[in-house]
Number of protein chains: 2
Amino acid sequence: MSSLTRKERERQQREALFLDIAYDILRNEGIKALTMEKVAQVGEYSKGTVYGHFSCKEDIISALSIRTLMLQKAMMQNVLEGQWSSRERILGCALVYVLIQVKYPRLHYCVLSLNDPQISTKLSFAMQELYAESEEQVNSLLVDTISEAQLVGDLPNDTAPEEIAYAIRAMVFGMSLIGHPSLETATRSHLNTLLDGFGWQPLTRDADYHHFWQQTREELLAVSIPEIHSAY
Amino acid sequence: MSSLTRKERERQQREALFLDIAYDILRNEGIKALTMEKVAQVGEYSKGTVYGHFSCKEDIISALSIRTLMLQKAMMQNVLEGQWSSRERILGCALVYVLIQVKYPRLHYCVLSLNDPQISTKLSFAMQELYAESEEQVNSLLVDTISEAQLVGDLPNDTAPEEIAYAIRAMVFGMSLIGHPSLETATRSHLNTLLDGFGWQPLTRDADYHHFWQQTREELLAVSIPEIHSAY
DNA sequence: ACCTGAACACCGTTCAAGT
DNA sequence: ACCTGAACACCGTTCAAGT
């Protein structure tokens, strides 16, 4: 291995270290406590070095969000591997959304700030690209699942898959942002209502989605939600 | 009138001035540009005077949000005065949500920050109370409309009105936060799907909600959305 | 070539001093 | 009693100097 490769490896390790630190601060002390200075201090590097990795504070949040989106994608793929009906598959994807948002609540809120043009323009170009791609990948899993449901006739095809995916994301997203004392139950229940509205077979009255939901929930929690960061 | 009353009046006028200024900055330059210093400067007062009205920066955002909630409430009451079916009434309320969120996009995003405990604890107690009450008032309009629909038999009563209101808010809220090239149309369409799922009569296939939506939209835009602030 | 940390600008918040 | 603005702490960002 050349020297450059070792350098590159060290650089990536350091970047991961900074992200681990940033996420820990965010989780334990909130967004206001997440500062470039603190990340540098805890990591025992200078501020300049942190800026060598992230162009600004929002770049860090963006990178954290990308890591979470990748986890979300992996969890959804995990669900989609199972032998489930099309409607169970989409419910499983929604369940992943909820579990992720319950697990990383502060992060999901911070990500919204990236929509502000005044902020998103500060992101490094590479990070913007990567973020858009990650979101697209997760959304594709939804859209593909919906398309398949229409193909096999479980779901009327008078509405475009992208539109149905949008409605589902909006609903799940909105519920976790507003908050609910029993968020998972509420999500299962109200999302099923929406799917009934779309005419997605079998309708709630003809199937027991409660059981699928619980089982998938246990499996996902047991297997697929490690802490995002390694110890440092 | 006593001197105290005049003082009080002047104080309220100044508070309104600060809010007008804050909203203008937020709208034109974004949340990052909204600083206590700038509000003071533009208003030609000292920073200390601004702090005499608002305990912190978030207090201002909270106050702005309360003003918007009051406008939202007035618009919803405007819709609810009309002779509409129960389902049209709830659609009208949702339309108000969308119009408000399109009109004050940055504000609606900022309000989310108030959910962070690290931030909400900084708000003055009076402001916290007022904010909670304003939200409650708007939500009550939804809940009451839903209850009435169940009473007259337009809507099955196997789900609590509060839960249905939650689902509706989540969906509309989520859609405007995620964004959509045709937000109003998407909201009308997908919300109707959700209402169909709840079994809210008459179902989409049996009624023309498009026409109601357009008409109400025109009326609301013509009558009820003044700029929130007076010129200063 | 890479890393440092001093330096600058800016902002939130407080409070002693002035009117 | 009310208002001011200097003062302090803190943070984002840059960059000349060091290794």
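Source: prediction; values computed, not measured.
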Checklist entry - CE of M36(A) versus P of dC11(C): gap in Å, rounded? => result 18 Å
Checklist outcome for this item: In whole angstroms, the gap separating C1' of dC3(C) from CD of E44(A) amounts to 15 Å
Checklist entry - Taking NZ, NE, NH1 and NH2 as the nitrogens, is one of them in K32(B) or E58(A) under 4.0 Å from a carboxylate oxygen of the other? => result yes
Item to check | Flag, side chain of S55(B) to backbone of Y51(B), donor-acceptor distance under 3.5 Å | outcome: no
Checklist entry - Is it true that D144(A) and R89(A) make a salt bridge, defined as a side-chain N closer than 4.0 Å to a carboxylate O? => result no
Next on the checklist: What is the distance, to the nearest angstrom, from the CD atom on Q41(B) to the C1' atom on dC10(C)?
Outcome noted: 12 Å
Checklist entry - With a 4.5 Å limit on heavy-atom distance, are the side chains of R188(B) and T185(B) in contact? => result yes
Item to check | Value in whole Å for how far the C1' atom of dC11(D) lies from CD1 of I31(A) | outcome: 13 Å
Checklist entry - Considering heavy-atom distances to DNA chain D, does K122(A) or R14(B) have its closest nucleotide positioned more toward the 5' end? => result R14(B)
Checklist outcome for this item: Base-pair string, DNA chain D, Watson-Crick plus G-U, cut-off 3.5 Å on both distances, | for inter-strand, is ||.|||||...|||||.||
Checklist entry - Taking DNA chain C as the partner, which of residues 46-56 of chain A come within under 4.0 angstrom of it by heavy atom? => result S46(A), K47(A), G48(A), T49(A)
Item to check | Integer-rounded Å distance: dA1(C) C1' and R6(A) CZ | outcome: 13 Å
Checklist entry - Between T49(A) and S46(A), does a side-chain hydrogen bond (donor to acceptor under 3.5 Å, both in side chains) hold up when you go through it step by step? => result CA-CA 5 Å; T49(A) 303; S46(A) 71; 3.2 Å; yes
Next on the checklist: I need the NZ-P distance between K32(B) and dC11(D), as an integer number of Å.
Outcome noted: 14 Å
Item to check | Interatomic distance where NZ belongs to K57(A) and P belongs to dC10(C) [whole Å] | outcome: 18 Å
Item to check | Atom pair distance, as rounded to whole Å: CD in E37(B) and P in dC10(C) | outcome: 9 Å
Checklist entry - Given the rule in the ring pair (Phe, Tyr, Trp, His ring centres under 6.0 Å) test, do F173(B) and F173(A) qualify, once you have shown the distances and angles that lead to the verdict? => result CA-CA 9 Å; F173(B) 191 46; F173(A) 191 46; 8.3 Å; no
Checklist entry - Got a salt bridge between K122(B) and D116(B), using NZ or NE/NH1/NH2 to carboxylate O under 4.0 Å? => result no
Next on the checklist: Whether R14(A) engages the ring of Y45(A) as a cation-pi pair (distance to the six-membered ring centre under 6.0 angstrom, angle to the ring normal within 45°) should be assessed.
Outcome noted: yes
Next on the checklist: Is it the case that the side chain of S65(B) and the backbone of I61(B) share a donor-acceptor pair, with hydrogens and angles ignored and the cut-off at 3.5 Å?
Outcome noted: no
